[in-house]
Participant: 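Okay, here's the structure, questions in a sec.
These figures come from a predicted structure and were not determined experimentally. Letters A, B, ... are given to chains in the order of the sequence lines, protein chains preceding strands, and every chain is numbered from 1.
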Protein chains: 2
Amino acid sequence: MKKKPLKERILETALRLFNEKGFHGVSVEQIVDTAQTSKGGFYHNFKSKDELLYQIHDVFITYAIEKAQEAYDEYKTPISRLCAILHSFTKVFDVYQSHITVFYQESIYLSNSFQSAINVKRDQYRYLLEQVIQEGQKLGDFRKEVPANITTMAIIGMINWTYKWFDQKGPLTMEEIADIFKDLILHSLITEQGKPEAVKLVKSFSRNSTTR
Amino acid sequence: MKKKPLKERILETALRLFNEKGFHGVSVEQIVDTAQTSKGGFYHNFKSKDELLYQIHDVFITYAIEKAQEAYDEYKTPISRLCAILHSFTKVFDVYQSHITVFYQESIYLSNSFQSAINVKRDQYRYLLEQVIQEGQKLGDFRKEVPANITTMAIIGMINWTYKWFDQKGPLTMEEIADIFKDLILHSLITEQGKPEAVKLVKSFSRNSTTR
DNA sequence: TATTACAGACCGACCAGTCGGTACGATGAA
DNA sequence: TTCATCGTACCGACTGGTCGGTCTGTAATA
């Protein structure tokens, strides 16, 4: 049993506790008690409670960017890229739901230097999505009436908010929810020109959405 | 000067500080110093720091529900109601941006009894929006392919997330952003049957969205 | 005189972080 | 092979300081 290195054990324990009670709702003592170690063990592995919080942030956002970038690289059209990025998020979500909660809930408590390191990556993620939207608009697959930056934030909001309500034991999987999001987002953006491709990627397009 | 009752002064000060540094980033001492009063003054007006947090929550969510309900009552069709609710949120947002930030950031730190009181009202808000979507689907103005409850959460996410990025001094007002959201949401939901009414409410529908 | 509204010294609990110490495997000289 | 040495990983009592909340006192008002 108990073969995992201590650092990993502390990270996992802290993550679980932060997720349940928030960063300030959990003391270092609680963490070390739960992880069956000691203050010494903790501070041997982390410079501070703050650094621990940072590491939780970083592992998630790094992974999220990586997956989104993979999705972007794998496909070549804006429509398919958009779908792939939305899909990639479901994978990230399945693995990192607790991280995400902590990420969006506790990031204000990161010290300044950590904060800005995280912000750089956060912007990177947003930028990638915004690029896809802009490319789609340029090609005429997406409507030009809506500004790309606001649309991007609308999509990010829709996705990110799931951490507040998604229930692993609920009736829908994250993947099914993402499919619905794809449906909504594509319908909100697509032009007549883009429809043929959208039909292939989202089921409800095949039932022609212009008739009820 | 300084004619406001102390309780109000404390509320406003605390709100501002919570907004900047988070509930746990601000001590009661800091609050009373900034509000130019004392611990005595504070605990004369509030039973605990916790109750103060609750009051900030309650004043916002109560107002938000009221405005959404008004919007609902004032209009009679799902499409116009949806637009009105989205519009109502901008007003709430202008007045209560700080409250909203605190609301979504710190609600986990409310004690259980306060927590559930707030949850009741939060559900009320969601339910109202979900009703509108369902009615729209029943009447054939909104597409039936997307489940009403998930669509509701998508919209709520889109709206609520604005508290993370909206900048009062930015290039767009909250009202302009809401107009874009209306555009996106209506395009994602509307059926051919609903279009004539949507045209009246959102500009970009008049440039027929089926041609580019 | 009684009550309300506030002041501010004070208290006990708790908390992040420190520090002197230990357990133990690796290394290397005899 | 044996034993001294050293470095790493970890332990847990302790500290300095902060925090939410209390309590006694007082000035103003009614």
Participant: Nearest whole angstrom, please: distance from the C1' of C/dC15 to the CZ of A/Phe23.
Facilitator: 12 Å
Participant: If you compare every side-chain N and O of B/Ser38 against the phosphate oxygens of C/dA7 (OP1, OP2), does one of them come in below 4.0 Å?
Facilitator: yes
Participant: Check the side chains of B/Thr77 and B/Glu197 for a donor-acceptor pair under 3.5 angstrom, ignoring hydrogens and angles.
Facilitator: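 A donor-acceptor contact under 3.5 Å links the two side chains.
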Participant: Give, for atom CD of B/Glu8 and atom CG of B/Asn45, the distance between the pair rounded to the nearest 0.5 Å.
Facilitator: 11.0 Å
Participant: By nearest nucleotide on DNA chain D, pick out whichever of A/Thr37 and A/Glu29 is the more 5' one.
Facilitator: A/Thr37
Participant: On DNA chain D, which is the earliest and which the latest nucleotide, 5' to 3', with an atom closer than 4.0 Å to a heavy atom of chain A?
Facilitator: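 Extent of the interface on DNA chain D: D/dA9 to D/dA13.
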Participant: Taking CD1 from B/Ile10 and P from C/dA5, how many angstroms apart are they, rounded to a whole number?
Facilitator: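 My rounded result for the distance is 13 Å.
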Participant: Measure the spacing between CG of A/Asp123 and NZ of A/Lys121 and express it to the nearest 0.5 Å.
Facilitator: 12.5 Å
Participant: Using a 4.0 Å heavy-atom cut-off, does A/Val26 contact any base of the nucleic acid, only the sugar-phosphate backbone, or nothing at all?
Facilitator: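 The answer is sugar-phosphate, as A/Val26 gets under 4.0 Å only of primed atoms, P, OP1 or OP2.
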Participant: For the residue pair A/Leu52 and A/Leu11, establish whether any side-chain heavy-atom pair is separated by less than 4.5 Å.
Facilitator: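 Yes, close enough: below the 4.5 Å cut-off.
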Participant: Between B/Lys49 and B/Phe23, is NZ or CZ placed under 6.0 angstrom from the six-membered ring centre and within 45° of the ring axis?
Facilitator: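 Yes.
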Participant: Could you tell me the separation between the CG atom of A/Asp33 and the C1' atom of C/dC15, rounded to a whole number of Å?
Facilitator: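 Going from CG in A/Asp33 over to C1' in C/dC15 covers 13 Å.
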Participant: What integer distance in Å separates A/Lys39:NZ from C/dG20:C1'?
Facilitator: 16 Å
Participant: How many Å lie between CG on A/Leu17 and P on C/dA16, as a whole number?
Facilitator: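 It is 12 Å, rounded to the nearest whole Å.
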Participant: Under 4.0 Å, heavy atom to any atom of DNA chain D: which of residues 105-112 of chain B qualify?
Facilitator: none
Participant: Step through the shown structure and confirm whether more than 12 heavy atoms of other residues, nucleotides or ligands are within 6.0 Å of CD on A/Glu29.
Facilitator: no
Participant: Could you check, using the six-membered ring where one of them is a Trp, whether B/His57 and B/Phe114 have ring centers closer than 6.0 angstrom?
Facilitator: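 No, the ring centres sit 6.0 Å or more apart.
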Participant: Using only heavy-atom distances, determine whether the side chains of A/Gln115 and A/Asn119 contain a donor-acceptor pair under 3.5 Å.
Facilitator: no
Participant: Is any NZ, NE, NH1 or NH2 atom of the basic residue among A/Lys138 and A/Glu135 found under 4.0 Å from an Asp or Glu carboxylate oxygen of the other?
Facilitator: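 Answer for the salt bridge query: no.
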Participant: If you measure from the Lys or Arg side-chain nitrogens to the Asp or Glu carboxylate oxygens, is any gap between A/Lys91 and A/Asp94 under 4.0 Å?
Facilitator: no
Participant: Listed in order of residue number, which residues of residues 40-52 of chain B have a non-hydrogen atom at under 4.0 Å from DNA chain D?
Facilitator: B/Tyr43, B/Ser48, B/Lys49
Participant: Quick one: does B/Ile190's side chain get under 4.5 Å of B/Phe142's, heavy atoms only?
Facilitator: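 Of all side-chain heavy-atom pairs linking B/Phe142 with B/Ile190, at least one is under 4.5 Å.
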